[in-house]
Amino acid sequence: MTDKQTLLDYRYLRMARVWAENSYCKRRQVGALVVKNKMIISDGYNGTPSGFENICEDEGGQTKPYVLHAEANAITKLARSGNNSDGSTLYVTASPCIECAKLIIQAGIKRVVYAEKYRLTEGIDLLKRANIEVKYLNPEDHESEQE
């Protein structure tokens, strides 16, 4: 049986997955939500900075170096909104890289729930070192439970 918090976690991960569909990136679409007191206070998806063309990959199919990750977009959006992320939870469709992990720590986010493991674990390792609760959930597992 799944507890109430885990059910909420799955729900927000599903929303982050839908939000990822806004990304113009072809190689990989990632979505992120920042939730505090059961309210979404920010969102983001991977893509180019404001004012840039919505093309994430170069002619060779490689991601352009200035493409922002979903977590970075959500966190920087928070800075512009005046919302406070202290004690919040970040839901992201892919595990955070080390650069995003640093932003998560500095933003005061206390929980990270992610849906897809990445081959590099430095980001997750850094979050754990900073005593941030990290939780991996596979939404497909939950969907098959409900059938």
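Numbers for residues simply follow the sequence, beginning at 1.
The CD atom of Glu99 sits 10.5 Å away from the CD atom of Glu122 when rounded to the nearest 0.5 Å. Atom-to-atom distance recorded for Ser88:OG and Asn83:CG is 10.0 Å, nearest 0.5 angstrom. Rounding to the nearest 0.5 angstrom, the gap separating the CD1 atom in Ile132 from the CG atom in Leu126 is 8.0 Å.
Residues Gln29 and Ser23 come closest through the heavy atom pair NE2-O, 2.7 Å. Among all heavy-atom pairs drawn from Asn84 and Ile41, the shortest one is O-CD1, 3.6 Å. Counting all heavy atoms, side chain and backbone alike, Glu71 lies closest to Cys97 at OE2-N, 4.4 Å. Cys56 approaches Val67 most closely through the heavy-atom pair O-CG2, 3.5 Å. Residue Leu33 comes nearest to Met15 through the heavy atom pair CD1-CB, 3.6 Å, listed as atom of the first residue, atom of the second, then distance. Listed here is the closest heavy atom pair of Leu103 and Ala72: CD1-CB, 3.8 Å.
Here the side chains of Lys4 and Leu7 are not in contact, with every heavy-atom distance at 4.5 Å or above. Thr93 is not listed as a side-chain neighbour of Glu116, based on a closest heavy-atom distance of 4.5 Å or more. In this structure, Val134 and Tyr114 have side chains that are in contact, with non-hydrogen atoms separated by less than 4.5 Å. Pro96 has its side chain within reach of Leu127: a pair of non-hydrogen atoms, C-beta onward, lies under 4.5 Å apart. Contact of the Lys117 side chain with the Tyr136 side chain is registered, since non-hydrogen atoms from C-beta on lie closer than 4.5 Å. In this structure, Gln62 and Arg27 have side chains that are in contact, with non-hydrogen atoms separated by less than 4.5 Å. Contact of the Ile75 side chain with the Ser42 side chain is not registered, since no non-hydrogen atoms from C-beta on lie closer than 4.5 Å. Residues Lys135 and Val112 are not in side-chain contact: their nearest non-hydrogen atoms beyond the backbone lie 4.5 Å or more apart.
By the side-chain hydrogen bond (donor to acceptor under 3.5 Å, both in side chains) test, Ser85 pairs with no residue at all, sequence neighbours left out.
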Going through the distances and angles, do Leu90 and Ile104 end up as a side-chain contact (heavy atoms from CB on, under 4.5 Å)?
CA-CA 8 Å; Leu90 173 76; Ile104 292 164; 3.5 Å; yes
From CA spacing to verdict: side-chain contact (heavy atoms from CB on, under 4.5 Å), Asn46, Leu68:
CA-CA 5 Å; Asn46 58 326; Leu68 290 159; over 6 Å; no
Does the pair Tyr10 and Leu137 meet the rule for a side-chain contact (heavy atoms from CB on, under 4.5 Å), with working shown?
CA-CA 7 Å; Tyr10 277 118; Leu137 291 177; 3.8 Å; yes
Derivation of the side-chain contact (heavy atoms from CB on, under 4.5 Å) call for Tyr12 and Arg17
CA-CA 9 Å; Tyr12 285 121; Arg17 197 164 50 179; over 6 Å; no
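In this structure, Glu57 contributes its side chain and Lys26 its backbone to a donor-acceptor pair below 3.5 Å. Using a distance-only test at 3.5 Å, with no hydrogens or angles considered, no donor-acceptor pair links the side chain of Asp43 to the main chain of Val34.
Among Thr89, Thr6, Leu8, the one residue that satisfies the side chain to side chain contact (heavy atoms under 4.5 Å, CB included) test with Val113 is Thr89.
Under a cut-off of 6.0 angstrom, the local environment of CG in Asn37 is sparse, with at most 12 non-hydrogen atoms contributed by other residues, nucleotides or ligands. The number of heavy atoms from other shown groups lying within 6.0 Å of CD (Gln5) is above 12.
There is no path of hydrophobic side-chain contacts, each under 4.5 Å, that joins Ile40 to Tyr45. A chain of hydrophobic side-chain contacts below 4.5 Å, direct or via other Ile, Leu, Val, Met, Phe, Trp or Tyr residues, connects Ile98 to Ile105. By the rule that hydrophobic residues join a cluster once side-chain heavy atoms approach within less than 4.5 Å of another member, Tyr24 and Trp19 end up as members of separate clusters. The hydrophobic clustering, which links ILVMFWY residues whose side-chain heavy atoms are closer than 4.5 Å, places Val30 and Ile124 together. Residues Val18 and Tyr91 are members of separate hydrophobic clusters, defined by side-chain heavy-atom contacts under 4.5 angstrom among Ile, Leu, Val, Met, Phe, Trp and Tyr.
Classification of Glu53 and Lys64 as a salt-bridged pair holds, one side-chain N sitting under 4.0 Å from a carboxylate O. With respect to Arg111 and Asp9, a salt bridge is recorded, a charged nitrogen being found less than 4.0 Å from a carboxylate O.
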